[in-house]
Amino acid sequence: MAAARHVKCRMRVVTTLLLVGTAALALADPFRPSISDQIKLGKEAAEQVRKKEKVLPDTDGRVKELRRLGKMLVDLIPAKEKKDRPFVYSFDVVESKEVNAFALPGGPIFFYTGLLDKLKNEDEVVGILGHEMTHIRNQHWASAYADNMKRQLGIVAILTIVKANNDIFNMAGAADTVFGSLPYSRKHESEADTVGFDLMVQAGYNPQGMADVFTMLGKVSKGGGPEFLNTHPDSANRVKAIEKRIKDSGKTFPPERPRKPEATGVTWKKGWATLGGKG
Ligand SMILES: [Zn+2]
């Protein structure tokens, strides 16, 4: 009996230790890059992209379009969030056939012309923008990084390290994981879809645009697979989820808005609906 009580008691000590450890991790996760670290890493990574890839100049119409729509969404982020998480959003276009777009931690977003050229209306552009912005706003990369570190180390090692050191985030180690080596979880992907959905609706766009992009990507993928789907699989289920959300909202959304030529520097593709200047 005494032995049994002893065992029980020890069990409770261990449980308490684990709880304390978990609580400490939840409060201030020393594995999670801080806001300023995320901004710094993203900035450095964006510089690498600008050096390696053919990034279109500021004067290009597609860049102007992306920045106009991006700024519109950034302006809708609540002031408190901007204060707490002062990410530095930037929007660039890479000349490449890749059907892709990606967000770097801390703010930079890149679209490839291969994707941009396939988007039929502003709603589709805004749908992808809202999705990518959510990865930044909700610090998905930082969470994936911290989770990965903890998985590698195991709980006992974590408790020891946390006790010894309040900030064990390693900038150099983290930099290697900025480019796609940490795929976002299904949870983060669907969060990016739903938060992006709400943001585009708030901006006055039709969320059908977001569903249409995933439908388009699903079709394109049959011919070899666009890059975007490598990091964002399961397009059919996503379309279903987005369309269910549209239906459940019970709202009627405004018609999709055609893309329009920007003031200068644009060579618009033949066949885009409103090239006469109506849009
Ligand atoms: Zn995503």
Side-chain angles (χ1 to χ4, degrees), residues 32-33 38-39 41-42 45-46 49 53 66 69-70 73-74 76-77 81 85 87 89-94 96 98-116 118-119 123-148 174 177-203 205 207-221 225-246:
R32 190 190 175 92
Q38 290 172 56
I39 294 171
L41 272 165
V49 176
E53 307 281 352
L66 196 67
L69 298 173
L73 294 183
V74 170
L76 293 174
I77 297 174
E81 179 185 320
R85 287 168 267 164
F87 292 130
Y89 294 93
S90 64
F91 304 91
D92 281 288
V93 181
V94 174
S96 162
E98 264 186 47
V99 182
N100 206 3
F102 61 90
L104 296 171
I109 288 177
F110 290 85
F111 270 54
Y112 288 92
T113 50
L115 173 64
L116 208 48
K118 286 188 193 305
L119 302 181
D123 305 69
E124 294 186 357
V125 182
V126 172
I128 297 276
L129 270 171
H131 175 101
E132 293 301 334
M133 268 173 66
T134 307
H135 283 316
I136 296 167
R137 293 173 70 189
N138 292 8
Q139 309 178 68
H140 288 167
W141 174 82
S143 298
Y145 176 83
D147 289 349
N148 188 49
T177 72
V178 171
F179 288 112
S181 53
L182 291 174
Y184 292 133
S185 64
R186 210 166 270 258
K187 181 176 147 254
H188 286 163
E189 282 307 327
S190 77
E191 185 176 292
D193 285 350
T194 53
V195 176
F197 179 112
D198 292 345
L199 189 66
M200 77 183 289
V201 167
Q202 200 191 338
Y205 283 86
Q208 186 60 42
M210 187 188 257
D212 290 346
V213 176
F214 285 118
T215 303
M216 177 274 287
L217 289 169
K219 280 183 192 157
V220 175
S221 72
E227 292 292 320
F228 193 80
L229 284 182
N230 294 342
T231 47
H232 297 81
D234 212 10
S235 64
N237 281 334
R238 306 178 83 146
V239 172
K240 266 187 217 152
I242 295 163
E243 291 186 334
K244 183 176 184 299
R245 202 173 168 81
I246 292 174

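Counting starts at 1 for both ligands and their atoms, following the listed order.
In summary, His188 places no N/O/S atom under 2.8 Å from the Zn ion (ligand 1), failing the contact criterion. Backbone or side-chain N, O or S atoms of His135 reach the Zn ion (ligand 1) at under 2.8 Å. For the Zn ion (ligand 1), the N/O/S atoms of Asp193 include none lying under 2.8 Å.
Across all non-hydrogen atoms, the minimal contact from Arg245 to Phe197 is NE-CD2, 3.6 Å.
Under the 30°/60° scheme for interplanar angles, the aromatic rings of Phe110 and Phe102 are found to lie parallel. Using cut-offs of 30° and 60° on the angle between ring planes, the pair Tyr184 and His135 is parallel.
Checked for salt-bridge contact, Glu124 and Lys118 miss the test: no charged N lies under 4.0 Å from a carboxylate O.
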